[in-house]
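Report on the following structure.
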Amino acid sequence: MRSRLHPPALMFQGTCSNAGKSLLTAAVCRLLARRGLSVAPFKAQNMALNSFVTEQGEEMGRAQVLQAAACGLPADVRMNPVLLKPTSHTGSQVIVLGRPVGRMRVGEYLRYKAEAWKAVRRAYDELSTGMDVMVLEGAGSPAEINLRAHDIVNMRMARHAGAHVLLVADIDRGGAFAALVGTMSLLGRADRARVAGYVLNKFRGDASLLDPALAAVSRRTRRPFLGVVPMLEDLRLPEEDSVSFKLGITPGLSAPHATDGDAAHAENCLDIVLVDLPHISNFTDLDALRVEAGVRLRVARRGDELGAPDLVILPGSKNSIADMRFLRQSGLAGALRGYAQRALKEGRGVLAGICGGLQMLGQNIADPLNLEEGGSEPGLGLLPLATELGGAKCLRRTSGRALAALAGEELAVTGYEIHHGRSGPSAAEAETKAAALTPLLTDHAGQALGWGLGGADGAARVWGTYLHGVFDADAFRHALLNRLRRERGLALLSGAAYGLGPELDRLADAVEAGLDMTVVYRLLGLST
């Protein structure tokens, strides 16, 4: 079954999106790497708004970055050669080997698929050279018969890699057994032959109770179950896309209820709100905050859910003009302006915008090239900034300094930039040369990475930055949180270190216990 040109390969495909393929891929990558094998992940095509910039200044999906970390490898765009970033219900920005090639509607992309497939094959062939084993991930379901003719990510990719396929079903959402049987019935004979077995994922309870059902499905489809993987509660790893977030099941994020802020205060926790946007992107910027004790994170989707938190974060967006309109329609625009005005006047609370959030804090956003929505839209008017989306996309890893107005002392920050927008002083600001707009984050060359306004005490109360991952730096994050705790009269905390290693090992250990790794190793031609 395996091509002589490629190393042994295992592929996780699912009966649906969000079945857990990405984390299972990461877990098996970790287990193989712990055996001393050279292993790399691969996903031919990813549709996600959570992306990352490599050291080479190339853009790829966050899931493959996490999987690369599980392998002990740096992120490499060949691990995710095609990335689709939706800008609307019918169009996406298409990124191939780390670089945008255009914004395409569905029909345009289907016509482009032949070129995309060439890039996919070339990337896999190059990446797999010299590897002991490859672990691949599919997308959605291989049984989407309306998409089969254009498939480049599921069975077509499995055939190219010569991969054995494990079919994953999410038992937590229900219908897992019907989904497995239905998927197998819709696959062609050759593709069914590629399926080596099934994995039930996200199970809660006593797995022995499943035995009759497992046996019945195996008899019907002539494929074994290779494992039942438990639901891993409170797993703090970056998510591939916003599916779990939109369903309200992201660990460490509470449901959007205005009373949550009061509960957080009563528990001596900081109340931090993430504004949910229809086109939210890179909400993984919040991951470092999810590991902190003394922090309650919640989301707000309407103005009446904002409350009076200690920190409000307006996140990135793949369509900041459309999301700015959403802020007005939902009542959040007025609530955010009121919150910012009180923070500036009373000297308590912070509103921070990241990337698209920074743009929305300004006076105006213009899209003359129709890169996202087209046209222009007034912003919240809280910072004297104007933004215009240009053709050249900024993709770079960046490090610099956060000035003392943000966290009480000057501290190092690092992260990455992904944006078409160019922001600077608005026309009125440029004419008056007012000193209100202050660069608060700068790179090592002294160029501004973010701007803000301070209150009477000199502390920044409204600020924004293009730097994704700004909260990942432990010293900066801890100083900012303790500044907010000090304002509330709460005891200061030392804070937690943010890193993926312990959580990846926790994930790998759980999957090793639930999955029949003896069979997996045998499929890969490895000794047990």
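- Note on Arg173 versus Asp170: salt bridge recorded, some NZ/NE/NH1/NH2 to OD/OE distance being below 4.0 Å.
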Could you please spell out the steps behind the side-chain contact (heavy atoms from CB on, under 4.5 Å) verdict for Ile272 and Leu481?
CA-CA 10 Å; Ile272 300 180; Leu481 295 178; 3.9 Å; yes
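- For the pair Arg111 and Glu108, the salt-bridge criterion is not met [side-chain N within less than 4.0 Å of a carboxylate O].
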Derivation and outcome, side-chain contact (heavy atoms from CB on, under 4.5 Å), residues Leu311 and Leu484:
CA-CA 8 Å; Leu311 172 63; Leu484 296 173; 3.9 Å; yes
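- At distances below 3.5 Å, not a single donor-acceptor pair connects side-chain atoms of Asp287 with backbone N or O atoms of Leu289.
- No side-chain donor-acceptor contact under 3.5 Å links Asn282 to the backbone of Thr284.
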Does the pair Glu137 and Gln64 meet the rule for a side-chain hydrogen bond (donor to acceptor under 3.5 Å, both in side chains), with working shown?
CA-CA 9 Å; Glu137 178 189 345; Gln64 282 62 61; 3.3 Å; yes
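- Summarising the local packing, CD1 of Ile145 is surrounded by 12 or fewer heavy atoms from other residues, nucleotides or ligands at distances under 6.0 Å.
- Note on Asp172 versus Arg204: salt bridge recorded, some NZ/NE/NH1/NH2 to OD/OE distance being below 4.0 Å.
- For the residue pair Arg103 / Thr87, a side-chain donor-acceptor distance below 3.5 Å is found, with atom types taken as modelled.
- In terms of modelled atom types and a separation under 3.5 Å, the side chain of Arg298 and the main chain of Leu306 share a donor-acceptor contact.
- The side chain to side chain donor-acceptor pair (under 3.5 Å) check on Ser92 picks up nothing, with sequence neighbours excluded.
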Start with the C-alpha gap between Gln93 and Lys393, add the side-chain angles, then the distance that decides, and say whether side-chain hydrogen bond (donor to acceptor under 3.5 Å, both in side chains) holds.
CA-CA 11 Å; Gln93 184 181 58; Lys393 190 174 190 179; 2.6 Å; yes
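- For Asn364 against Ser376, the heavy-atom pair with the smallest separation is ND2-CB, 4.0 Å.
- Using a cut-off of 4.0 Å between Lys/Arg side-chain N and Asp/Glu carboxylate O, Arg401 and Glu409 are scored as not salt-bridged.
- Salt bridge annotation for Glu59-Lys85: present, with a cationic side-chain nitrogen under 4.0 angstrom from a carboxylate oxygen.
- With sequence neighbours excluded, the residues that form a side chain to side chain donor-acceptor pair (under 3.5 Å) with Asp323 are His279, Ser317.
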Applying side-chain contact (heavy atoms from CB on, under 4.5 Å) to Leu440 and Trp451, what does each step give before you reach the verdict?
CA-CA 5 Å; Leu440 295 179; Trp451 300 266; over 6 Å; no
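- Salt bridge present: Glu417 and Arg396 bring a charged side-chain N and a carboxylate O closer than 4.0 Å.
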Worked verdict on Glu487 versus Arg483 for salt bridge (Lys or Arg N to Asp or Glu O under 4.0 Å)
CA-CA 6 Å; Glu487 291 174 0; Arg483 184 193 124 191; 3.3 Å; yes
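- The shortest side-chain heavy-atom distance between Glu292 and Arg477 falls under the 4.5 Å cut-off.
- Closest heavy-atom contact between Ile171 and Ala176: CA-CB, 3.8 Å.
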Start with the C-alpha distance between Val413 and Asp472, add both sets of side-chain angles, then the distance that settles side-chain contact (heavy atoms from CB on, under 4.5 Å), and finish with yes or no.
CA-CA 8 Å; Val413 290; Asp472 290 1; over 6 Å; no
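- In this structure, the side chain to side chain donor-acceptor pair (under 3.5 Å) partners of Ser399, at least two apart in sequence or on a different chain, are His444.
- For Arg328, the salt bridge (Lys or Arg N to Asp or Glu O under 4.0 Å) partners are Glu377, not counting sequence neighbours.
- Taking the charged nitrogens against the carboxylate oxygens, Glu305 and Arg301 have no contact shorter than 4.0 Å, which rules out a salt bridge.
- Side-chain N/O atoms of Tyr466 and Gln359 include a donor and acceptor closer than 3.5 Å.
- Aromatic ring orientation, Phe476 versus Trp463: perpendicular (interplanar angle above 60°, classes split at 30° and 60°).
- Within 6.0 Å of CZ on Arg99 lie more than 12 heavy atoms contributed by other residues, nucleotides or ligands.
- When all heavy atoms are compared, the tightest approach of Ala343 to Gly349 is CB-O, 3.5 Å.
- For Phe471, there are no ring-ring contact (aromatic ring centres under 6.0 Å, His included) partners at least two apart in sequence or on another chain.
- Applying the salt bridge (Lys or Arg N to Asp or Glu O under 4.0 Å) definition to pairs two or more places apart or across chains, those involving residues 360-374 are Lys318-Glu372, Arg325-Glu373.
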